[in-house]
Amino acid sequence: MPDNRVRTVLLAAGHGSVDLYQGIVPVLVPFLVAARHYDYLEVSGFVLAASVLSSVVQPLFGLLADRRAARGTGRWLIPASMLTTGLGVALIGVADSYPGTLLAIALSGVGVAAYHPEAARLARSVTGGGHVGMSWFSLGGNVGFALAPVIATPVLIAGGLGAAPLLGVPAVLGMLATLPMLGGRGAAGSRRAVRAGAENWTDDWPAFRTLSTIIVLRSVAYVGMSTFLGLFVQQRIPHGVAASGLALFVLYAGGAVGTVLGGRCAVRWGRLRTLRVAYLASSVALAGVAFVPGPAVLAFVAAASLALYVPFSLHITLGQDYLPTRMGTASGVTLGLAASAGGAFTPVLGVIAQVSSLQVTLGCLVVLPALAWLLARRLREPTVENSSRHLTIEPAPLPDRAAGAALGRGLDQPPAHRLGR
């Protein structure tokens with residue numbers, strides 16, 4: 001079994017190989033239109049099937065993962081879902097009808113949804129719940145999504161839709177990278193912890209609902225900015241087309257940096273303090289995006305993207321700690337349903353833009369992270385009460401420097417569940 005640092009990298013790579021397929025569907029759209037002459041309504045059905053099934057049904061798979069984990073049989077979901085995700089995209093090249101193509105894309109979306117709840121639980125086990133380790137797991141997904149056009153476009157240009165089965169290869173490679181983490185003493189220990197947690201832990205649903213609301217606000221702000229940013233920058237900066245592409249690159253790069261930075265800041269200052277500062281900074285940065293003229297807007301795009309992604313991995317660990325007996329459900333909501341809610345509000349923002357302007361639309365987004373900051377002030381570090389004892393989730397010190405070196409400088413101390421009188 002590889003050491004913790006290598007296991008974290010392998011798990012992040014596996015996560016990237018799954019989220020790659022969320023980015024592949026938009027890449028496939030122009031090839032499907034050109035080869036099979038689908039209209040815009042039919043194409044929108046592809047995007048809807050991929051996005052809804054890959055996110056909205058994640059809580060259902062979270063419930064399944066929780067039940068399987070209690071019996072120690074949940075880990076099979078990970079390799080099965082990874083292969084399903086790749087198989088769905090591979091079948092797009094084989095299907096020659098609209099219903100068949102739609103079902104193939106839906107199958108890939110189901111695979112994505114099934115992967116994340118149990119994979120987030122596995123990431124918690126592999127990294128010990130450490131903030132930096134979980135941020136690397138989250139980063140893997142972001143990188144995979146960003147690499148989708150880089151990997152898929154050359155394959156489809158060279159071989160057309162007939163080459164789509166080759167796009168199933170990353171899923172197989174990701175599964176092979178993940179398999180070493182699915183067995184052994186770590187998995188057994190995780191199953192024992194789940195059984196022990198059923199006896200000793202209680203779930204804090206009010207705090208989890210508050211956290212979910214915060215994640216929804218963040219999702220609407222980020223999706224709204226990313227949807228209209230390209231058009232807005234074209235209006236604000238000379239040579240708008242090139243500036244638009246540069247702005248989107250800055251947006252995605254800032255998100256990658258923010259994901260890793262969030263884990264490191266949480267180690268240094270605590271995750272709730274990091275969360276609050278990030279959302280307050282997001283509100284200021286979004287105001288800069290909306291109202292600062294000229295090329296300086298790019299600096300505010302970078303700041304807004306970075307600040308909105310700093311809390312990304314912290315949402316996962318907080319959700320798991322608020323629902324310690326239902327980590328799969330918590331992961332399904334924080335990674336899936338709540339995080340993707342922004343897409344549902346995009347038409348509302350479109351109406352605002354239609355009746356006013358893009359500047360007013362982006363200006364409205366300033367309110368959302370400010371509300372998230374206010375709600376975050378109500379959150380407290382998770383505690384679990386069990387009769388006369390309190391089970392408090394606190395950072396556990398490493399036993400010695402050698403253990404710290406084994407985890408690697410990039411991975412922080414895992415939190416331990418410590419009983420106190």
Side-chain angles (χ1 to χ4, degrees), residues 19 22-23 26 47 51 54-56 58 116 135 138-139 141-146 148 211-233 244 247-262 265 274-290 297-316 318-319 333-350 352-353 358-376:
D19 282 6
Q22 295 191 76
V47 178
S51 60
S54 65
S55 57
V56 173
Q58 277 195 42
H116 282 92
S135 71
S138 301
L139 177 65
N142 296 335
V143 171
F145 187 90
L211 176 66
S212 298
T213 303
I214 290 171
I215 298 172
V216 169
L217 292 169
R218 180 257 175 207
S219 177
V220 176
Y222 183 80
V223 173
M225 180 174 66
S226 61
T227 300
F228 299 107
L229 181 64
L231 293 172
F232 181 68
V233 169
S244 173
L248 291 173
F249 171 78
V250 170
L251 180 72
Y252 298 143
V257 174
T259 301
V260 176
L261 184 63
C265 290
T274 299
L275 196 91
R276 293 164 186 153
V277 171
Y279 279 120
L280 194 58
S282 300
S283 185
V284 175
L286 281 171
V289 172
V297 69
L298 295 176
F300 286 96
V301 169
S305 177
L306 188 148
L308 286 170
Y309 261 95
V310 160
F312 191 83
S313 64
L314 308 183
H315 294 153
I316 302 172
L318 273 170
V333 172
T334 55
L335 279 170
L337 184 60
S340 63
F345 288 88
T346 302
V348 177
L349 297 174
I352 296 174
L358 289 177
Q359 186 175 47
V360 171
T361 304
L362 293 175
C364 291
L365 300 181
V366 174
V367 178
L368 302 178
L371 291 174
W373 170 73
L374 288 173
L375 289 173

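This structure is a prediction, so every number in the text was calculated from the model and none was measured.
Here the side chain of Thr274 pairs a donor or acceptor atom with the backbone of Cys265 at under 3.5 angstrom.
For the pair Leu358 and Phe232, the tightest heavy-atom approach, listed with the atom from each and the gap, is CD1-N, 3.7 Å. The shortest non-hydrogen separation linking Leu306 to Leu261 is CD2-CD2, 3.7 Å. Nearest heavy atom pair, residue Leu365 against residue Met225, reads CD1-N, 3.5 Å. The heavy-atom pair separating Ile316 from Thr334 by the smallest distance is CA-OG1, 4.1 Å. The nearest pair of heavy atoms linking Ala247 to Leu229 is O-CD2, 3.9 Å. Nearest heavy-atom pair across Leu211 and His315 is CD2-O, 3.7 Å.
The side-chain contact (heavy atoms from CB on, under 4.5 Å) check on Val284 picks up nothing, with sequence neighbours excluded. Under the side-chain contact (heavy atoms from CB on, under 4.5 Å) criterion, Leu375 pairs with Thr210, Thr213, Ile214, Leu217, Arg378, not counting sequence neighbours. By the side-chain contact (heavy atoms from CB on, under 4.5 Å) test, Leu280 pairs with Trp373, sequence neighbours left out. Applying the side-chain contact (heavy atoms from CB on, under 4.5 Å) rule to Ser283 yields the partners Val366, Pro369, Ala370; only residues at least two apart in sequence or on another chain are considered. Listed by chain and residue number, nothing satisfies the side chain to side chain donor-acceptor pair (under 3.5 Å) test with Tyr309 (two or more places apart in sequence, or in another chain). Evaluation of the side chain to side chain donor-acceptor pair (under 3.5 Å) rule for Ser138 yields no partner, not counting sequence neighbours.
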Could you give the side-chain donor-acceptor pairs of residues 298-305 under 3.5 Å, partners two or more places apart or in another chain?
from   : atom 1 : to     : atom 2 : distance (Å)
Ser305 : OG     : Leu251 : O      : 2.4
Ser305 : OG     : Gly255 : N      : 2.9

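Here Phe228 contributes atom CZ and Thr361 contributes atom OG1; the two are 6.0 Å apart, rounded to the nearest 0.5 Å. Taking CG of Asn142 as the start and OG1 of Thr259 as the end, the distance is 4.5 Å to the nearest 0.5 Å.
Residue pairs meeting the side-chain hydrogen bond (donor to acceptor under 3.5 Å, both in side chains) criterion with at least one member in residues 223-233, sequence neighbours excluded, do not occur.
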